[in-house]
Amino acid sequence: MHTTHTIALPNRPPLILGQRALVMGILNVTPDSFSDGGQHNLIENAVAHAQAMIADGADIIDIGGESTRPGAALVSVQEELDRVMPVIDALVAAGITTPISIDSYKPLVADQAIQAGASIINDVHGLQGAPEMAEIAALHSVPVIAMHWDKVRDEAKPIIAEMARYFETTLALAKAVGVGRERIILDPGFGFGKSLAENYEVLRELTEVQPRGMPILVGTSRKSMIGRLLDIPADERLAGTIATTVAGYLKGGHIFRVHDVRANRDALRVAQATLYGPPTELG
Ligand code: 7PJ
């Protein structure tokens, strides 16, 4: 049912996808996320939060310094660097070996983050925002999570077909600089330029995300596709998030980007045992 993939990482064991659902824990380092004090306090809190997510079973820590939520302010390269770099340095200094992905569409931020120890690029612009992004991935031999976010798409056209065209461009840009598709994880970009119905259509048709057979990341955690459906605020969306995570897993998803690592991981383990049986060492 799940396609399996082994994705090489620099200086780390590879990511093994498909045997077990992987959980990516979200580490937002925007001023509003860990803001109960000064800069030092912010870094300490961010590291503590990363460590808690790792203890809860996170397989990847996704660090981002610019909120891409609708209506959020854009931040400069320098501001974003000022937010994420001290935290990456602190995670490395704390001896954290869990792979770190850098959630940024800015090539300079990705480059610096990787040099400091991040090993995956998470680009919400699907390598189509800046030509240098694919080059940074090539230079450092890191995998890329390429998210679909087409700000100029024709909303009259069916979303799955539109996404296929978009990812074709992404893969061509990557290939042109020597980044093969074995290093790319596709992400349909839940909540980004999609209607409520389209978000659920994409989740329902996840195996149709093309090119078929490539690894897929699902990022639905606390998003408006849950909030608008249930009419509840972000901090009450855990049950809805778990439903989307399990649904996405049953539909072939490989990596799940979430705020609440423990709850989502428990749910995924149960879903996994349902599909494939419990791990043999547990009987
Ligand atoms: C996503 C992301 C997502 C990937 C954000 C939020 C908005 N990166 N960064 N996929 N969403 N790859 O978490 O609500 O869905 S920021």
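All values derive from a computational prediction rather than experimental measurement. Start at 1 and go down the list; that is how both ligands and their atoms are numbered.
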Residue pairs, two or more places apart or on separate chains, that pass side chain to side chain donor-acceptor pair (under 3.5 Å) and touch residues 112-122: Asp62-Asn122, Asp111-Gln115
Strictly below 4.0 Å, N to O, side chains only: are [X] and [Y] in salt-bridge contact?
X: Lys106; Y: Glu66; result: yes
X: Asp187; Y: Arg257; result: no
X: Arg20; Y: Asp59; result: yes
X: Glu162; Y: Arg165; result: yes

Considering heavy atoms of the protein only, find what lies nearest to [atom] and give residue, atom and distance to 0.1 Å.
atom: atom 9 (N) of ligand 1; value: Asp103 OD2, 3.0 Å
atom: atom 8 (N) of ligand 1; value: Asn122 ND2, 3.1 Å
atom: atom 14 (O) of ligand 1; value: Lys223 CE, 3.4 Å
atom: atom 4 (C) of ligand 1; value: Asp187 OD2, 3.0 Å
atom: atom 16 (S) of ligand 1; value: Thr68 OG1, 3.0 Å
atom: atom 13 (O) of ligand 1; value: Arg257 NH1, 2.9 Å

Find all atoms of ligand 1 within a distance of less than 4.0 Å from any non-hydrogen atom belonging to [X], and give their numbers and elements.
X: Met147; value: 1 (C), 3 (C), 4 (C), 10 (N), 15 (O)
X: Gly219; value: 15 (O)
X: Val124; value: 2 (C), 8 (N), 9 (N)

Neighbour count >12 (heavy atoms, 6.0 Å) for atom CG, Asp154: yes
ring-ring contact (aromatic ring centres under 6.0 Å, His included) involving Tyr249 - partner list, sequence neighbours excluded: His2
